[in-house]
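Okay, so here's the structure we're looking at.
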Amino acid sequence: DFALRRAVSILNVRASGPEMPGELAGVCDPAEYGKARRYLRAGAGFKAVSSSFDFALLLAFWAAGGFGFLDSLVREACSGTVCRGLLFMGFLTAAPSIITLPFDAYHTFVIENRFGFNRTTPRTFVLDFLKGAVLIVILGGPLLAAIIAFFLHAGPWAWLLCWALVMAFSLLLNLLGPALIFPLFNRFSPMQDGPLKEAITAYAARERYPVRGIYVMDGSKRTEHSNAFVAGFGRYRRIALFDTMIARHDVPELVAVIAHEVGHWKMRHSLKGLVFSAVHTGAMLFLLSLFLESREVCGAFGIREPSIYAGMALFSIVFSPASTAIGAAYNIVRRMHEYAADRFAAESTGNPQSLARALLKMSLHNLSNLTPHPLAVALFYSHPPDLERIRALSTIQTNEPGRA
């Protein structure tokens, strides 16, 4: 899995040729296109170093008997399996995050800064790390404890109870995250009255799209990158646009971006994704139930006495190549969904050019890789390359100014 990712990264860099695609002629300055290629190479080089360090750290920990040593420590510290599991998994989560924190800082304060994107202060960087750690402890700790307890006491149907718990937890996060968790990291201000809000509100009403509020997120607090998203379910659904995006796009372009998100809702892509997630989660938990307490696997990682928590940790390592394959298969469906949502946006607004301009502006401003290698797209891209989306939009003919 590691070798595949590194090889694909190399192919991706090589696929970015010095000549601009035809669609950029007269739109993009050659110097800006060259800057995007340098950004791609810088990111790929950084990823090669950081991922190699992560991989070497795992191999060194394994070869030095780290898994077995950690298991002996938690067995001495606690008498209960749940307590041991929390300590074991907590260390395997916290230690790599702390050790690799300098890499995250380098990416933010050196690479992103070099290309004019970084707006994060050291204080914000540290606070983000601490807030994330606290959330993992508060939310992830009880969930992990419950899963270990189910596998410990519920017998052969434990995986089914874990599946129900995980899906309920996931739904709750999707429901309450926009209102309770997102504001811990960013400020969401209700969009002020004006042409943009009126246009988005009118479009949402025309398409019968239920939305509780339209918000502006202070994305510029951390980065100059721009984006927009819709989060939540039912009456908790919110539309959020980065302030950096509002500053760079006109009203028709921003409405087209929102129309794309409405297209996902109209065609129930989120529901389909939720169904896939439920099936995938259930299958993984069932396989995990067969994998737990395997003497062969635990012995291979230097753990003498199998345990539920050790089996959970090792399963995530051993299964990673299959996870890549499953992700690649699902990405095929997700890319189809993106094309379908683009078509819906073009037809419902009657203006495919607005979405095409928005995609092109975002790509150029974010220094996106416009010519990724086909293998990289097939394996790791949940969205089609922006140029492919723009080309598809150019074939759509509309005769109406929007749906009645």
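The analysis underlying the following values was restricted to heavy atoms, covering all of them including side chains, and did not include hydrogens, waters or symmetry mates. Treat the numbers as computed from the prediction; the structure is a model and nothing was measured.
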- Is the Phe125-Phe109 ring centre distance short of 6.0 angstrom? yes
Residues [X], [Y]: salt bridge by 4.0 Å N-O rule:
X      : Y      : result
Glu347 : Arg343 : yes
Asp243 : Lys221 : no
Arg119 : Glu112 : no

Can you measure from [atom1] ([X]) to [atom2] ([Y]) and round to the nearest 0.5 angstrom?
X      : Y      : atom1 : atom2 : result
Cys78  : Leu73  : SG    : CG    : 11.5 Å
Ser51  : Phe46  : OG    : CZ    : 9.5 Å
Met362 : Asn227 : CE    : CG    : 7.0 Å
His280 : Met284 : NE2   : CE    : 4.5 Å
Ile111 : Tyr39  : CD1   : OH    : 8.0 Å
Arg41  : Ser9   : CZ    : OG    : 12.5 Å

Do the side chains of [Y] and [X] get nearer than 4.5 Å, heavy atoms only?
X      : Y      : answer
Arg84  : Phe88  : no
Phe344 : Glu207 : yes
Phe319 : Ile326 : yes

Just checking [X]: does its [atom1] atom have more than 12 heavy atoms from other residues, nucleotides or ligands closer to it than 6.0 angstrom?
X      : atom1 : value
Arg114 : CZ    : yes
Arg391 : CZ    : yes
Phe69  : CZ    : no

- Would you call the rings of Phe301 and Trp62 parallel, tilted or perpendicular, where under 30° means parallel and over 60° means perpendicular?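 Plane angle under 30°, so parallel.
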- For the residue pair Phe229 and Phe182, does the interplanar ring angle fall in the parallel (under 30°), tilted (30 to 60°) or perpendicular (over 60°) class?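 Aromatic pair Phe229/Phe182 classed perpendicular.
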- Message: Testing Phe115, Phe117, Phe242 one by one against His225 for a ring pair (Phe, Tyr, Trp, His ring centres under 6.0 Å), which residue passes?
- Response: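 That would be Phe117.
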- Message: Looking only at the side chains, is there a donor atom on one of Ser320 and Ser323 sitting less than 3.5 Å from an acceptor on the other?
- Response: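 Per modelled atom types, Ser320 and Ser323 side chains form no pair under 3.5 Å.
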- Message: For Ile332, give me all partners under side chain to side chain contact (heavy atoms under 4.5 Å, CB included), at least two apart in sequence or on another chain.
- Response: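 Arg335, Met336.
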- Query: What residues, two or more places apart in sequence or in another chain, satisfy side-chain hydrogen bond (donor to acceptor under 3.5 Å, both in side chains) together with His365?
  - Reply: Arg248
- Task: Check Lys266, Glu261, His260 against His264 for a side chain to side chain donor-acceptor pair (under 3.5 Å) and give me the one that passes.
- Result: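 Per the side chain to side chain donor-acceptor pair (under 3.5 Å) rule, the option paired with His264 is His260, out of Lys266, Glu261, His260.
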